[in-house]
Amino acid sequence: MGAAAGGAVLAGSAQAAPAQAAPRGARRVLRAPALAPGDRVRVVSPGSTPDPTNMARGIEILRSWGLKVELGKHVFTRYGYLAGTDAERLADLNAALNDPGIRAVFAARGGYGTQRIVDRIDVSGLRRDPRVVVGFSDITSIHGKLWRETGMATFYGPMVNWNDSRTGPESAEALRSAVMTTAPVTITRDPAETAASVVVPGRASGPLLGGCLTLISTSLGAGDAPDFDDAILFFEDVDEAPYSIDMMLTELRRVGVLRRVAGVVIGQITNSVGEPGEWDAASVLKDRLYDLGVPVLGGLRLGHGDGQLTVPLGARATIDAEAGTLTVEAGVRPR
């Protein structure tokens, strides 16, 4: 790996020995039926308020797939920095998750606010009638809650507040394929990504769990924190300085999460800027992850960066760090 910025050599970084995880058990995964043209889908705002122009573009994309798009009552409501009061946002989300006619729930955007309502999500309808749930960033809390309470696979991918300059045709097709087909999802390391140099060779399998690192860190000990034992831990983040990434990963080490995972995959570490002469984000990741004894694969286009792809969470995944691939079983089942 060489030296870090400022000439400091990272502990454990001179040689990252190949890691091979032991065979892992699997929890039964609850899967929703794949979406099909004609299905009703609901867009809700569990966090912040989306931009109407970006929303119009996202709705256009969903409709181009033949989906019938409905909006939650408070999608565009503004209450401070939230899309409505906690009661309003929660009511929209619970209605979408439990309406038997709704086949998918798409988050309008992230921002902030999901953790204020996540403990009161009503999952009773999902156990008997699972449906597709899509979102990323602040929606990490919902993914964790639904997995912990129901074992349902969900999707970490672009939201309806669509930005064509960040998420172009490849992003749209990746989302469509993930929720409307039963093909496995394979994501390949992108050398241009910030964490692309972060690799510990080896193979490992387990349920893919995680999301935005900030939300993972701030959920520890709460009802939306999944059990990461024997899982493939996935994380990404945006606008976090290298020292902040260090702090959050150190927290995961201290509470034992990183001692129990089968492997680690790193998505887009976007706009992580440190002080001159200090470690950059890749150097921090190597320092905090290279001594875990499990495969580590960085550089996947999953998260807040350009060209964001979609991946099922909860579904069984296999990382081949040397080959640079993450392969995940389908998050939906045949209709």
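Since this is a predicted model, take the numbers as computed values, not measurements.
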Task: Any donor-acceptor N/O pair, Arg176 side chain to Leu62 backbone, under 3.5 Å - done: no
Task: Arg333 side-chain N/O to Arg31 backbone N/O, donor-acceptor pair under 3.5 Å - done: yes
TODO: Apply the test ring pair (Phe, Tyr, Trp, His ring centres under 6.0 Å) to residues Phe136 and His304: give CA-CA distance (whole Å), side-chain angles for both, the deciding distance (0.1 Å), then the verdict.
DONE: CA-CA 8 Å; Phe136 78 108; His304 289 78; 4.9 Å; yes
Open item on the list: If we ignore hydrogens and angles and just use 3.5 Å, is the side chain of Arg335 paired with the main-chain N or O of Ala34 as donor and acceptor?
Closed with: yes
Open item on the list: Counting C-beta onward and ignoring hydrogens, is there a side-chain heavy-atom pair between Met248 and Asp237 closer than 4.5 Å?
Closed with: yes
Open item on the list: Side chains of Thr154 and Ile142, heavy atoms from C-beta outward: is any pair under 4.5 Å?
Closed with: no
Task: Test side chain to side chain contact (heavy atoms under 4.5 Å, CB included) applied to Arg301 and Gln268, step by step - done: CA-CA 6 Å; Arg301 278 193 287 134; Gln268 294 169 309; 3.8 Å; yes
Open item on the list: Minimum heavy-atom separation for Thr310 and Ala178, please, with both atom names.
Closed with: CG2-CB, 3.8 Å
Task: Arg127, CZ: over 12 other non-hydrogen atoms inside 6.0 angstrom - done: yes
Open item on the list: Please report the interatomic distance CD(Glu251) to CG(Leu258), rounded to the nearest 0.5 Å.
Closed with: 10.5 Å
TODO: Tell me whether Met159 is reachable from Ile121 by hopping between hydrophobic residues (I, L, V, M, F, W, Y) whose side-chain heavy atoms are closer than 4.5 Å.
DONE: yes
Task: side chain to side chain contact (heavy atoms under 4.5 Å, CB included) between Ile245 and Ser272, worked out - done: CA-CA 9 Å; Ile245 294 172; Ser272 179; 3.6 Å; yes
Task: Ser45 OG to Arg78 CZ distance, which is reported to the nearest 0.5 Å - done: 10.0 Å
TODO: Walk me through it: do Ile216 and Thr140 pass the test side chain to side chain contact (heavy atoms under 4.5 Å, CB included)?
DONE: CA-CA 7 Å; Ile216 296 171; Thr140 297; 4.3 Å; yes
TODO: Compare every heavy atom of Ala107 with every heavy atom of Gly135, then report the nearest pair and how far apart it is.
DONE: CA-CB, 4.3 Å
- [ ] Is it possible for you to say whether Ile59 and Phe106 belong to one hydrophobic cluster, with membership spreading through side-chain heavy-atom contacts below 4.5 Å?
- [x] yes
Task: Passing candidate, side chain to side chain contact (heavy atoms under 4.5 Å, CB included) with Val133, options Leu93, Leu313, Val179, Leu146 - done: Leu146
Open item on the list: Working note: Glu60 + Arg63, criterion salt bridge (Lys or Arg N to Asp or Glu O under 4.0 Å); need CA distance, chi angles, decisive distance, verdict.
Closed with: CA-CA 5 Å; Glu60 178 185 32; Arg63 286 177 174 162; over 6 Å; no
TODO: Using modelled atom types only, decide if a donor and an acceptor are shared between the side chain of Asn98 and the backbone of Gly125 within a distance under 3.5 Å.
DONE: yes
Open item on the list: Any side-chain to backbone donor/acceptor pair from Thr49 onto Phe76? Under 3.5 Å, distance only.
Closed with: no
Task: Side-chain heavy-atom pair Pro295, Val200 within 4.5 angstrom cut-off - done: no
- [ ] Check the side chains of Asn163 and Asn54 for a donor-acceptor pair under 3.5 angstrom, ignoring hydrogens and angles.
- [x] no
Open item on the list: Measuring only between side-chain heavy atoms, which start at C-beta, is Val75 closer than 4.5 Å to Pro50?
Closed with: yes
Task: For the student: nearest non-hydrogen atoms of Pro46 and Ile139, plus distance - done: CG-CD1, 4.0 Å
TODO: I would like to know whether Thr250 and Arg288 meet side chain to side chain contact (heavy atoms under 4.5 Å, CB included); could you show each step before the answer?
DONE: CA-CA 7 Å; Thr250 297; Arg288 296 285 75 192; 3.1 Å; yes
Open item on the list: Applying the salt bridge (Lys or Arg N to Asp or Glu O under 4.0 Å) criterion to Arg260, which one of Asp229, Asp227, Asp230 satisfies it?
Closed with: Asp229
Task: Val238 backbone acceptor or donor facing Asn271 side chain under 3.5 Å - done: no
- [ ] Using atom types as modelled and distance alone, determine if a side-chain donor or acceptor of Ser171 lies under 3.5 Å from a backbone N or O of Gln308.
- [x] yes
Open item on the list: Is it true that Arg203 and Thr318 share a donor-acceptor pair across their side chains at a distance under 3.5 Å?
Closed with: no
Task: Separation between CZ of Arg42 and CG of Asp99, rounded to the nearest 0.5 Å - done: 5.0 Å
Task: Least distance between heavy atoms, Gly305 atom then Thr270 atom - done: N-OG1, 3.4 Å
Task: Asp92 with Lys73: basic N within carboxylate O range, under 4.0 Å - done: no
- [ ] Quick one: pull up CG in Asp306 and OG in Ser165 and give me the separation to the nearest 0.5 Å.
- [x] 7.0 Å
Open item on the list: Are Thr327 and Asp320 packed together at the side-chain level, in the sense that at least one heavy-atom pair is separated by less than 4.5 angstrom?
Closed with: no
- [ ] Verify side-chain hydrogen bond (donor to acceptor under 3.5 Å, both in side chains) between Thr218 and Gln115, making sure each step is shown before the conclusion.
- [x] CA-CA 9 Å; Thr218 53; Gln115 286 188 330; 3.1 Å; yes
Task: Under 3.5 Å: donor-acceptor pair, side chain of Ser219, backbone of Ala222 - done: no
Open item on the list: Do the side chains of Arg253 and Asp291 get close enough for a salt bridge, i.e. N-O under 4.0 angstrom?
Closed with: yes
Task: Nearest-0.5 Å distance that lies between atom CG in Leu285 and atom CG in Leu249 - done: 6.5 Å
Task: Verify same cluster id: Met55, Val105 (apolar side-chain graph, 4.5 Å) - done: no
Task: Separation between NE2 of His143 and SG of Cys212, rounded to the nearest 0.5 Å - done: 11.0 Å
- [ ] Enumerate the residue pairs fulfilling ring pair (Phe, Tyr, Trp, His ring centres under 6.0 Å) with a member in residues 209-266, sequence neighbours excluded, ordered by first and then second residue.
- [x] Tyr156-Phe234
Open item on the list: Please determine whether residues Leu97 and Phe155 belong to a single hydrophobic cluster, defined as Ile, Leu, Val, Met, Phe, Trp and Tyr linked transitively by side-chain heavy-atom distances below 4.5 Å.
Closed with: no
Task: Taking every non-hydrogen atom, the tightest pair across Pro312 and Ala330 - done: CG-C, 4.5 Å
- [ ] Please identify each residue that fulfils salt bridge (Lys or Arg N to Asp or Glu O under 4.0 Å) with Asp86, with sequence neighbours left out.
- [x] Arg89, Arg116
- [ ] Please list all pairs passing the salt bridge (charged side-chain N to carboxylate O under 4.0 Å, His left out) test where one or both residues lie in residues 131-148, with sequence neighbours left out.
- [x] Asp129-Arg131, Lys145-Glu149
- [ ] Check whether any side-chain heavy atom of Leu302 sits under 4.5 Å from a side-chain heavy atom of Val265, and report yes or no.
- [x] no
Open item on the list: Within the structure provided, determine whether Val69 and Val43 are in side-chain contact (heavy-atom separation under 4.5 Å).
Closed with: yes
Open item on the list: Less than 4.5 Å apart, side chain to side chain, heavy atoms only: is that true for Ile266 and Leu289?
Closed with: yes
Task: Leu215-Leu213 co-clustered via ILVMFWY side chain contacts under 4.5 Å - done: no
Task: Glu322, CD atom: more than 12 neighbouring heavy atoms under 6.0 Å - done: no
Task: Heavy-atom pair of closest approach, residues Pro158 and Leu175 - done: O-CD2, 4.1 Å
